[in-house]
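Take a look at the structure set out below.
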Amino acid sequence: MLISLSVKNLALIDAEEVEFGDGLNILSGETGAGKSILIGSVNLALGERADKEMIRTGADYALIELLFQEDSPQVKKRMEELDLPWEDGSVMISRKIQPSRSVFRINGEVVTSKQVKLLAEQLLDIHGQHEHQSLLKKKKHQEILDEYAGEKLSSILPSLKEGWQKLTGIKKELEEAGMDEAERMRELSLAEFEVQEIEEAHIVPGEDEELEKNYRKMTHGRRIVESISAACRLAGGEGGEGAADLVGRALREMTNVSDLDEELSGITAQLDEIDQLLHDFNRDLADYQERMDFEEADLVKTEERLNVLNHVKIKYGKTLEDVLAYQEKREMERQKLSDFDAYQEELKKQLQKAKEEMDKLCKKASKVRAQAAKALEKKLKQALIDLNFAHVDFQVKVLSGDAWQGAGGWDDVEFLISTNQGEEVRPLSMVASGGELSRIMLGLKTVLADKDGVGTLIFDEIDAGISGRTAWKVSEKLGVLSKRRQVICITHLPQIAAMADHHFYIEKKVTGGVTKTSISPLDKKEQVSEIARMLGGEEISRAALQNAEELMEMAKNSI
């Protein structure tokens, strides 16, 4: 579960830390106090795009830290896959947001946002304020059904994706192969010419680099020889004035007196090393000078060979390796074009085989989806009844066929619902109101919670568009859910707040002309006062306090 959230220099937050508990954690406060900033900070820590304008005015950076305590096999496996340190089940995710860049860390190690997102999938599920609107999109329905189907389907999907890529690749190749005889002959002639031209270049990988090095040495040969000759005179011993002779004479002088003082022996040894190095240098320089002897014809020959290699590189690739790869590709195309009918026939056979393989996988996936759809219908219907739907008929329609075939199979999934007795089920987008969508999404979250094993669920105003008895039913559902998962919920409804195991109050204050958002845990008495405030009215009356206490007692006895 999420143990703590620490936020520094983010928007209106100066420095705040909140320690969450198990069960239901409620966050409440006046509108505009900054409740969503806190939930938004969790999203930022988990890789959501950050704008430098989010850094608090006057600060150089913003810092968000999330501390989890998790011992689930799924989290352990993901940490191992990402090769991240994991001791005693603690997972610390942090993000430092600077004007120029962001730095993510997991347990102290710098990571990418992609790695953070992959790990976050196993740690928590966040339901944003408007996420229930995604239910209006049919594409979301298949995502939800596939998530509910779990391992039975996820084990098939990679093969489906691979099969679809193979099938579409063959189709594309077959379409591109549709050319007339004249076009085929032109393509064949060009392929033969290009293959022959590259073959005649007799390419050896790396040859151009060696030739360029030799060519550079030859073209600067005179300058090199002049410098070497001068160096030989200065470092050698011609006329007795070269460095080697001078050092040799100095060494003899030092040797004559080195046994007279122990300190001079060490200095003489240094000079002896210099003398040996000079002799080695002069010998190596003389060898190089001998090798610098070349004919003008060598330069011409090197230049001509480089011209041949550069010509094919200009036409067929940046490097000789690229040119050889292009030659191999064109040779394959030449063979295809030479026996074009056989090539097309082979493609058709491959297409038929790929389609048969794809159809088998699609049928397998469709069967799993159909079974999962029936189970999801039953569970979600019960969840919606628990959420105060007086009458509800919910169906998951799964249509299958080539018309919808893609990387996920050939199924078209759509949620249908009827919330009034006597009415037929219709697409969700045509029936459900905003408040109903919120409850349907909560129902789905509770059903999926038993499947995915994620330890923490976060709801940002799941109570949108509901009130009265329905609000109480939503509160009960969150209470039941929080017995199996840690739940963190922002709410404006007293019925939901009354169910809290831990209650936090968020407020915005102006201190010294600076606006800041703060968060503080509430004790039992403070919780009663906050629920009374949520019940209405600027002034909290005795009746409101009594009502708040009754709500909390009802919540305690309802689950």
Between L10, D14, I506, V7, which is the residue that forms a side chain to side chain contact (heavy atoms under 4.5 Å, CB included) with T517? I506

Paired with K353, the side chain to side chain contact (heavy atoms under 4.5 Å, CB included) test is passed by just one of E357, K349, Q350, namely E357

Shortest non-hydrogen pair, A548 vs I531, comes out as CB-CG2, 3.7 Å

Taking atom types as modelled and ignoring hydrogens, do the side chains of S90 and Q69 form a donor-acceptor contact shorter than 3.5 angstrom? yes

Could you walk me through whether E81 and R78 pass salt bridge (charged side-chain N to carboxylate O under 4.0 Å, His left out), step by step? CA-CA 5 Å; E81 290 171 351; R78 186 58 54 87; 3.1 Å; yes

With side chain to side chain contact (heavy atoms under 4.5 Å, CB included) as the test, would you mind laying out the steps for I417 and V425 before giving the verdict? CA-CA 5 Å; I417 194 168; V425 292; 5.8 Å; no

At what distance, to the nearest 0.5 angstrom, does CD of Q495 lie from CD of E476? 11.0 Å

Check: Q395 main-chain N/O paired with E377 side-chain donor or acceptor under 3.5 Å: no

Whether the side chain of Q122 engages the backbone of V454 through a donor-acceptor N/O pair (distance < 3.5 Å, no angle test) should be reported. no

Got C489 and L27 here, is their nearest side-chain heavy-atom distance under 4.5 Å? no

Rounded to the nearest 0.5 Å, how far apart are CZ of R426 and CG of D393? 13.0 Å

Under 4.5 Å between any side-chain heavy atoms of I440 and F389, yes or no? yes

Mind running salt bridge (charged side-chain N to carboxylate O under 4.0 Å, His left out) on R533 and E530 for me, showing each step along the way? CA-CA 5 Å; R533 181 197 66 79; E530 171 59 4; 2.7 Å; yes

Of all residues at least two apart in sequence or in a different chain, which pass the side-chain hydrogen bond (donor to acceptor under 3.5 Å, both in side chains) check with T419? none

For D83, I'd like to know if atom CG has over 12 heavy atoms of other residues, nucleotides or ligands within 6.0 Å. no

Non-hydrogen side-chain atoms of L145 and Q142 separated by less than 4.5 Å: no

Taking the side chain as every heavy atom from C-beta outward, state whether D125 and I458 have any atom pair closer than 4.5 Å. no

Taking the side chain as every heavy atom from C-beta outward, state whether I170 and L351 have any pair of such atoms under 4.5 Å apart. yes

Does the Lys NZ or Arg CZ of K96 fall within the cation-pi geometry relative to Y61 - under 6.0 Å from the ring centre and within 45° of the axis? yes

Could you check D412 against K138 for salt bridge (charged side-chain N to carboxylate O under 4.0 Å, His left out), going step by step and ending with a plain yes or no? CA-CA 9 Å; D412 182 64; K138 199 165 67 167; 3.2 Å; yes

For residues Q405 and W164, determine if any side-chain heavy atom of one lies less than 4.5 Å from a side-chain heavy atom of the other. yes

Would you check if L67 and V91 make a side-chain contact, meaning some heavy-atom pair closer than 4.5 Å? no

Quick check against the 3.5 Å criterion: does Q115 have a side-chain atom that pairs as donor or acceptor with the backbone of T112? yes

Side-chain heavy-atom pair R369, L153 within 4.5 angstrom cut-off: yes

Under 6.0 Å from the CD atom of E17, do we count more than 12 heavy atoms belonging to anything else shown? yes

Salt bridge flag under 4.0 Å for residues E507 and K509: yes

Excluding sequence neighbours, so at least two apart, what forms salt bridge (charged side-chain N to carboxylate O under 4.0 Å, His left out) with D359? K355

To the nearest 0.5 Å, atom NZ of K76 lies from atom CD of E80 at 5.5 Å

CA sep, side-chain torsions, deciding dist, call: F20, I3, side chain to side chain contact (heavy atoms under 4.5 Å, CB included): CA-CA 5 Å; F20 296 108; I3 301 297; over 6 Å; no

Minimum-distance pair of heavy atoms, taken over all atoms of A555 and A498: CB-O, 3.4 Å

Working to the nearest 0.5 Å, report the span between OG of S28 and CG of L493. 11.0 Å

Would you say N107's side chain and P85's backbone share a donor-acceptor pair under 3.5 angstrom? yes

If you take all heavy atoms of V368 and A149, which pair is closest and at what distance? CG1-CB, 4.1 Å

Please say whether more than 12 non-hydrogen atoms of neighbouring residues, nucleotides or ligands are located less than 6.0 Å from CD in Q98. yes

Closest non-hydrogen atom pair between M552 and V528, with its separation: SD-CG2, 3.6 Å

Would you please test L124 and I126 for side chain to side chain contact (heavy atoms under 4.5 Å, CB included) and show each step? CA-CA 7 Å; L124 79 172; I126 301 178; 4.1 Å; yes

Quick one: does R95's side chain have a donor or acceptor within less than 3.5 Å of a partner on E65's backbone? no

Rounded to the nearest 0.5 Å, what separation is found between the CZ atom of F459 and the CG atom of N25? 12.5 Å

Residue pair L44 / F104: nearest heavy atoms and the distance that separates them: O-CE2, 3.9 Å

Using only atom types and a distance under 3.5 Å, with no angle test, would you say the side chain of S418 pairs donor to acceptor with the backbone of E423? yes

With no hydrogens and no angle check, is any side-chain donor or acceptor of N388 less than 3.5 Å from a backbone partner on K473? no

Please answer whether the main-chain N or O of L38 pairs with a side-chain N or O of S41 as donor and acceptor at a distance below 3.5 Å. yes

Before you tell me yes or no, could you show the steps for I93 and F68 under side chain to side chain contact (heavy atoms under 4.5 Å, CB included), namely the whole-Å CA-CA distance, both residues' side-chain angles and the distance that decides it to 0.1 Å? CA-CA 8 Å; I93 298 176; F68 294 87; 4.2 Å; yes

Okay, side chain of Q486, backbone of L2: is any donor-acceptor separation there less than 3.5 Å? yes

Could you grab the distance from atom OG1 of T491 to atom CD1 of I496, nearest 0.5 Å is fine? 4.0 Å

Okay, side chain of R105, backbone of S94: is any donor-acceptor separation there less than 3.5 Å? no

Does either side chain, that of D523 or that of Q527, offer a donor lying less than 3.5 Å from an acceptor on the other one? no

Closest non-hydrogen atom pair between I540 and A532, with its separation: CG2-CB, 3.5 Å

